[in-house]
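Working notes, structure below.
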Amino acid sequence: MKNNFKILTLLISVSLLTACPGSNNKKTDEDYYIKDTNAFNILISQYANNIEQIWGPKEVLIAGPKDYVQYEDNLQTRVHINFVSGIITIETLSDTPINNLKDAIVSTLLMPEPVDIIRRDKISQDLSQEPFLYNQVLDQERQPIRWSGRANSFADYLLANTLKVRSSGAHKITYVEIKLVPNHINQRARKFLPLVTEASNRYFIDERLILAIMEVESAFNPFAVSRTDALGLMQVQQHTAGRDIFKLRGKPGEPSRQFLLDPRNNVDMGTAYLSLLKTKYLAGINNPISLRYAMITSYNGGAGSVLRTFSDDRNEAINIINSMTPQQVYRKLVTSHVSQESRNYLIKVSRILDNK
């Protein structure tokens, strides 16, 4: 089991370093992207195989942008936080489930802001900071959980009153579920609002736009990791947006995984990339609403694909956009952009903005 855990940790660490194409030396970058995308898919498959061997073929659960998944106890125990449904599921295969579940419940309730997505050791609480889930979970007395005493008491209550057992193949899985408060998305958004305000003022990007993008990208999950190597609250990619911002700042290379999983760095880099789209890649679009639609779509699918929706010639594309009303630009992007994902992305972000 210990060897399996080491393999899992290695695979996750390596997989997060896989590459996406840059902007220079197109042929080399395309080859590099294909090679590393294939390697990334292989690593994900191996990761899933490790889980499958222990939990069974129907129990493979991997972290995503809006799902935090953490394995511990040599892969025998796991925590799954669904940041959309607002449900925390903590479950174990252990023959002594109470101790394993209690440790996992307490660790989850008191876990800090992310430093690494792999829990190698038990978390020791930083008494100077509120836990990440503070105000997102209320205990049996409807109180937020700040300290270990209340976390342990709530864990005992859950284990005494809500413990469940299910079967999956030959496995007996013991688990508890914890509901986040109904307004958990807004609670998480409030945690990061000072960072958003700071970045908004620095780069002259609307706070509402930053928050809407964060909600669609990660549901304000600072642990977010996608299969396309996008990281953190704003799902910044090391090898594309990260590299572009580093280059703009005169820094060599690209940001590290740990750098981008820090919420302050992530919000700063994501907002800096929005500014880069606004002032460089989409420069020349006059109407601020049309520009916003182009920025949103570009954040998901790149500025090049946005401009090519209107013309293969950049200058002509800008002129066409400027000749259209914002409503016409929006309609063109959500009906004619080459990527269905990007079309849906513009709809989702715009809908959030319209409701703010």
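On a predicted model such as this, the values are computed, not experimentally measured, just so you know.
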* To do: Using a cut-off of 6.0 Å, state whether more than 12 heavy atoms not belonging to Arg249 lie near its atom CZ.
  => yes
* **Salt bridge present between Lys58 and Glu52 (N-O < 4.0 angstrom)** => no
* Asked: Are Ile62 and Ile54 co-members of a hydrophobic cluster defined by side-chain heavy atoms under 4.5 Å apart?
  -> yes
* In this structure, which one of Lys179, Lys191, Arg188 forms a side-chain hydrogen bond (donor to acceptor under 3.5 Å, both in side chains) with Gln136? -> Arg188
* **ILVMFWY network linking Val84 to Ile352, side-chain heavy atoms under 4.5 angstrom** => no
* To do: Give, for atom OG1 of Thr240 and atom OH of Tyr273, the distance between the pair rounded to the nearest 0.5 Å.
  => 6.5 Å
* In terms of hydrophobic clusters joined by side-chain contacts under 4.5 Å, are Leu209 and Phe204 together? -> no
* Minimum heavy-atom distance between Ala224 and Leu261, given as atom pair plus value -> O-CD2, 4.1 Å
* Taking 4.0 angstrom as the limit, do Arg202 and Asp268 come out as a salt bridge? -> yes
* Would you please name every residue forming a side-chain contact (heavy atoms from CB on, under 4.5 Å) with Lys164, sequence neighbours left out? => Tyr175, Glu177
* Can you find a heavy atom in the side chain of Val225 that is under 4.5 Å from one in the side chain of Pro65? -> no
* Ion pair check, Arg78 and Glu59, cut-off under 4.0 Å -> yes
* To do: Inspect the surroundings of CG in Asp354 and state if more than 12 heavy atoms from other residues, nucleotides or ligands are less than 6.0 Å away.
  => yes
* Gap between atom OG of Ser218 and atom CE of Met234 - 0.5 Å precision -> 9.0 Å
* To do: Would you list the pairs meeting ring-ring contact (aromatic ring centres under 6.0 Å, His included) in which at least one residue belongs to residues 72-97, sequence neighbours left out?
  => none
* **Nearest-0.5 Å distance, CZ of residue Arg190 to CG of residue Asn183** => 6.0 Å
* **OG on Ser323 to CG on Asn287, rounded to 0.5 Å** => 11.5 Å
* Please round to the nearest 0.5 Å and tell me the distance separating atom CD of Glu207 and atom CD1 of Ile205. => 12.0 Å
* Asked: Do Ser94 and Thr96 meet the criterion of a side-chain donor-acceptor pair at a distance under 3.5 Å?
  -> yes
* Does Glu141 come within less than 4.0 Å of Arg150, counting only side-chain N to carboxylate O? -> yes
* Any side-chain heavy atom of Pro255 sitting closer than 4.5 Å to one from Asn265? -> no
* Ring geometry between Tyr299 and Tyr345 (parallel below 30°, tilted from 30 to 60°, perpendicular above 60°) -> parallel
* **Sequence-distant partners of Ser350, side-chain contact (heavy atoms from CB on, under 4.5 Å), two or more places apart** => Tyr293, Ile296, Tyr330, Leu346
* If you round to the nearest 0.5 Å, how far is CZ of Arg292 from CG of Leu282? -> 14.0 Å
